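This structure is a prediction, so every number in the text was calculated from the model and none was measured. Every number for a ligand or one of its atoms is a count from 1 in the order of the listing. Quick note: residue numbers are just sequence positions, from 1.
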Amino acid sequence: MTLLILKNDNRHFLYRSSFIIGQKSNNAVLCSQSMDSIEHTARLNAIFNTVIDGIITIDEKGVIESVNPAAAKIFGYQPEELVHQKVNLLMPMPHSRDHDDYIENYLTTGLKKIIGIGREVQGKKKDGTEFPFRLSISEADFGHRKIFTGIIHDLTDLRQAEKALEENQNRLSAIFDTAVDGIITIDRQGIMEMINPAAAKMFGYQVSDLVGKNVKTLMPEPHFSRHDGYISNYHKTGVKKIIGIGREVEGKRKDGSTFPINLGVSKVPLGDRVIYTGIIHDISKEKAAQEKVEKLNAELEQRVEERTEKLAEVVNKLLKTNKQLANEIQERKAAQAELEASREQVKTALQKERELSELKSRFVSMASHEFRTPLSTIQSSASLISRYKGEEHDEKREKHVNRIKSAVRNLTGILNDFLSLSRLEEGKINQSPSSFNLVDLAGAVSDELHTILKKDQEIRLHTDQDNLEVYLDRHFLKNVMINLLSNAIKYSDQGKMIDLKLEVGDDIRITVKDEGIGIPETEQHNLFERFFRANNVTNIQGTGLGLNIVKKYVEMMAGKIEFSSQVNIGSTFIVILPKLDPSAP
Ligand code: ADP
């Protein structure tokens with residue numbers, strides 16, 4: 001700052017008059033100043049008071065003569081606190097101690113150590129703190145004495161800003177150097193200016209290999225050949241294809257191999273030019289991991305598909321097997337049922353066979369027993385008849401002929417019974433109903449049986465009317481009545497009455513009641529069995545087939561037979577038949 005270069009003696013005045021504290025004004029001198037000079041002085045005064053830098057003047061002894069407000073403020077004083085103080089007050093050690101010597105040396109040797117040379121020095125504030133400032137000292141020689149003017153420019157802020165800048169730079173370069181991601185800056189032409197170690201390493205280079213080279217060096221085809229075009233296109237059109245947009249691209253290493261990178265490019269205005277910064281993130285690992293996951297996923301899907309197919313196969317097989325099994329089970333069941341049925345058939349057949357053979361054997365034993373008497377009767381009567389040749393033997397011959405006839409009738413009866421039974425059992429007999437008078441049938445049967453009635457036996461017919469019209473199988477009914485009435489005759493003594501009662505109401509009832517030997521109670525349950533004969537009839541001829549046949553006929557006519565009997569009192573048999581409707585088919 002050279003504003004205070006003093007030209008004449010008036011300057012001395014200027015200093016004094018401009019400061020609050022100074023020597024008394026000399027009015028005579030003041031009045032002798034020209035108006036020009038006054039204005040000039042006022043301007044200088046204004047500058048002195050308002051400049052940002054501090055201004056201090058000292059004399060040859062180092063005593064402060066004047067100090068502007070900025071200087072006082074820099075050192076933390078009021079200006080009046082400093083005037084007349086020694087200037088070394090504002091210096092830290094050792095300068096505060098040695099300052100007098102500096103002046104002395106200069107004044108004697110004329111060797112300028114600082115005067116006319118700007119220098120950075122340390123100042124000491126009122127509170128003792130030190131601070132850097134730039135000091136420029138000029139010297140004014142008034143002939144009889146010299147004054148020195150110091151201009152003080154506080155460097156505290158600058159230093160702080162410098163320090164902050166340095167720190168920032170250090171931080172940035174640390175980041176730049178140690179970043180895991182690659183950072184490359186290029187100029188407008190694509191020439192690489194800065195490459196961080198990570199970027200160089202990523203591409204297999206040394207940093208120094210790449211500085212000054214075109215960035216396309218790091219790109220595989222087709223980008224290698226096209227990159228210059230990309231840049232010039234961008235400059236021409238301003239259309240950003242990658243700037244400001246992160247994108248996955250291919251990088252090319254020094255050895256020619258390629259690898260996937262995520263590239264983010266930003267445009268950085270730098271003073272009057274522009275650079276481009278690329279942040280490069282190697283995504284080989286991520287890519288590989290992603291590919292691995294994709295591969296695993298694909299494999300998994302494949303496996304799941306295969307398994308599903310296999311499962312479906314197994315399920316299908318199972319279903320098929322199940323179906324087959326179900327079919328088999330069905331078939332087996334059917335076969336079993338058939339077997340069971342055939343077994344039953346076999347059982348029934350066997351049963352029939354057994355019954356038949358039993359029937360045969362019982363018939364043989366019955367026949368051998370029952371046939372014997374009539375046959376021997378026939379034999380003896382026949383041999384007697386051959387002896388009775390004369391007319392006088394007519395009566396005796398007649399008697400034996402009748403005996404033979406009776407025995408034959410007996411045998412015929414037995415054979416008829418047996419024939420009826422076997423025909424009934426074979427199902428060869430069907431009923432053929434017809435309308436007839438039941439009373440008439442009863443009369444006919446009684447007449448037929450008249451020959452076998454014992455002495456004084458009588459069949460008494462009980463009926464309300466002479467004509468009881470019924471619609472039944474006449475042959476069946478006749479057989480039933482003959483059997484029941486002949487049993488009543490056979491199993492009751494001479495002179496006993498036999499009652500035959502006919503009733504036709506809601507149903508048809510035929511009752512045969514005798515006064516005979518009766519049926520022992522313990523044997524009554526076997527009464528209708530084939531060949532059953534009670535133990536009180538052993539001396540009376542019979543086959544044990546009659547009642548069995550009766551029951552069969554009655555059942556064929558949809559009726560039933562009931563009985564009651566007491567030994568030696570008599571028996572009653574009641575046949576109950578439903579009325580048939582002649583109009584029914
Ligand atoms: P049969 O008379 O030829 O022996 P039935 O089948 O007619 O055969 O009778 C079976 C048996 O029932 C007879 O042997 C007899 O023991 C008994 N019975 C049947 N009717 C009478 C009756 N009216 N009184 C007593 N016993 C009877």
Exercise answer: donor-acceptor pairs, residues 477-485 side-chain atoms, under 3.5 Å, sequence neighbours excluded:
from : atom 1 : to   : atom 2 : distance (Å)
K478 : NZ     : E448 : OE1    : 3.4
N479 : ND2    : H475 : NE2    : 3.3
N479 : ND2    : Y553 : OH     : 3.3
N483 : ND2    : N479 : O      : 3.3

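Looking at R460 and E458, no side-chain N of the basic residue comes within less than 4.0 Å of a carboxylate O on the acidic one, giving no salt bridge. For the pair K216 and D228, the salt-bridge criterion is met [side-chain N within less than 4.0 Å of a carboxylate O]. Classification of K551 and E555 as a salt-bridged pair holds, one side-chain N sitting under 4.0 Å from a carboxylate O.
Nearest approach of I404 to S381, heavy atoms of both residues: CG1-CB, 3.5 Å.
Between the N262 side chain and the I283 main chain, no donor and acceptor come within less than 3.5 Å of each other.
The residues lining ligand 1, counting any heavy atom closer than 4.0 Å, are N487, K490, Y491, D514, I517, G518, I519, L527, F532, R533, A534, V537, G542, T543, G544, L545, G546, L547, S571.
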